[in-house]
Amino acid sequence: MNTAVQHTQELAVITRTRIGIIGGGQLGLMISEAARKLGFASVVVLDPTPECPASTVAEQIMGSLKDPVALRQLAKRADILTYEIEHINTQALQDLQAEGVKIYPSPELLAIIQNKFEQKEFLARHGISVVPYRSVSSPHDIEQAAQEWDYPLVLKAKKDAYDGRGNARINGPDDIEKARTKLGDRELYVEKCLDLDKELGIMIARNERGESSTFPVVEMIHERDICLTVLAPAPISATLQAEAQKMASESIDRLEGIGIFGVEMFLDKQGKLWLNEIAPRPHNSGHYTIEACQTSQFEQHLRAIANLSLPSTTLLYPAAVMENILGERNGSANVQWSRDYDHEHVFPHIYGKRETKIDRKMGHITVVGEDLATVYKQAKEARATLSI
């Protein structure tokens, strides 16, 4: 098709399509900003928090993300529903989908992703390398895992776990009961601990036609199980870059995913890649794309759910680093810079949350430049000048 004709047709789709987003936090905010920039007819978010971050650029419906009535209200004001968080009511979404509401990624896919054990089962069935795991119903199951893989192990909750808030490390037999107590009365599984070299991430978009587009592979540096820093591109070989992109593409094809997905991987010290987990939405590891790539993860997500073409994701700079701004105390949020920053290369994003909490994601800073080491140093320096 002629490029000009395609652009005209896609613009017509965009200008008549209303977007509904379940969740109005920072991801909802950045999806909404991208939707406004692209020219979608309207953007409405559902969120229980008054004046949520996304409400600065989108209309807000106040309500629980799990309330079928509120979800139906959102669906009536949108042509396509999407979401910024996994912990929502999949049954209510399946009911809406059965009535003809377009929801991407699909509720069926979300149900697989929500249960991390079922997610691993799905991936393993389709030949994707995942870290060895087994379901846990008693301490004996953990002991058996230790006999097979040795310590340390990681005990994990199957559902409602994020940013490490569903994990407990088991270094030896004495830690088993403590780990089970920490995770409480939840469905659990146990996973082998790898000898890790790096944690990697890759964003991949796929539309309804089955066309897909991958972003560069990045390295994620975690503290307290929270992604603190993202390095783009990851300092790995071209061979590993290609292998990671292939693994991500195969996984999302198997899931028949529509939208954007954050695929997290482990690289062990033997050079083997393992798929850790998949987020069916924009992801921390893709925030750098707003300034550093030809197309951002948020624009690509919207284009994928609207079944539009997926433009280039090429890096515009040799290097980019994203630094998360995590809360350092509990209380009201007040942004202060101790000095000015380089506006040509440093891009702060403050999410507008009124309350800060320890380790709460309050914003992020992206720094772009010529080499990773210099950009990394600049990102740390920029973060040090900011307090919330």
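The figures here come from the full heavy-atom set of this structure, side chains too, leaving out hydrogens, waters and symmetry mates. For reference, positions follow the sequence shown, starting with 1.
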Decide if atom NZ of K198 counts as having more than 12 heavy atoms of other residues, nucleotides or ligands within a radius under 6.0 Å.
yes

Which residues share a side-chain contact (heavy atoms from CB on, under 4.5 Å) with R36, sequence neighbours left out:
V43

From CA spacing to verdict: side-chain hydrogen bond (donor to acceptor under 3.5 Å, both in side chains), K353, T49:
CA-CA 10 Å; K353 297 177 181 178; T49 305; over 6 Å; no

S285 and H283 side chains, donor-acceptor separation under 3.5 Å:
yes

I want to check something: taking the side chain as every heavy atom from C-beta on, are D253 and R206 in contact at a cut-off of under 4.5 Å?
yes

I128 reachable from F122 in the ILVMFWY side-chain graph, under 4.5 Å edges:
yes

Do the side chains of L231 and V263 join up, straight or via other hydrophobic residues, at under 4.5 Å, putting them in one cluster?
no

Could you tell me whether a side-chain N or O of K178 sits under 3.5 Å from a main-chain N or O of I170, the two making a donor and an acceptor?
no

Against R281, only a single residue in E86, E84, H301 fulfils side chain to side chain donor-acceptor pair (under 3.5 Å); can you say which?
E86

Considering residues, nucleotides and ligands other than E344, do more than 12 of their heavy atoms fall under 6.0 Å from its CD?
no

Test item: D150 side-chain N/O and A146 main-chain N/O as donor-acceptor pair under 3.5 Å
no

Joint cluster assignment, V130 & L255, ILVMFWY side-chain distance < 4.5 Å:
yes

For Q297, does its backbone N or O pair with a side-chain atom of T289 as donor and acceptor, under 3.5 Å?
yes

Would the number of heavy atoms belonging to other residues, nucleotides or ligands and lying under 6.0 Å from CZ of R186 be above 12?
yes

Please name all residues satisfying ring pair (Phe, Tyr, Trp, His ring centres under 6.0 Å) with H349, sequence neighbours left out, ordered by chain then number.
H364

More than 12 heavy atoms of other residues, nucleotides or ligands under 6.0 Å from CD of E108: is that the case?
yes

Is K156 positioned over the aromatic face of Y189, cation under 6.0 angstrom from the ring centre and no more than 45 degrees off axis?
no

Answer with yes or no whether the hydrophobic clustering places I85 together with M30; edges join I, L, V, M, F, W, Y residues whose side-chain heavy atoms lie under 4.5 Å apart.
no

Polar side-chain atom of E10 near backbone of S309 as donor-acceptor pair, under 3.5 Å:
yes

Determine the sole option in E191, E277, E187, E121 for which the side chain to side chain donor-acceptor pair (under 3.5 Å) test with K116 is passed.
E277

Are I103 and L109 in one and the same hydrophobic cluster, where Ile, Leu, Val, Met, Phe, Trp and Tyr link if side-chain heavy atoms are under 4.5 Å apart?
no

Answer yes if the side chains of T366 and H287 hold a donor-acceptor pair under 3.5 Å, and no otherwise.
no

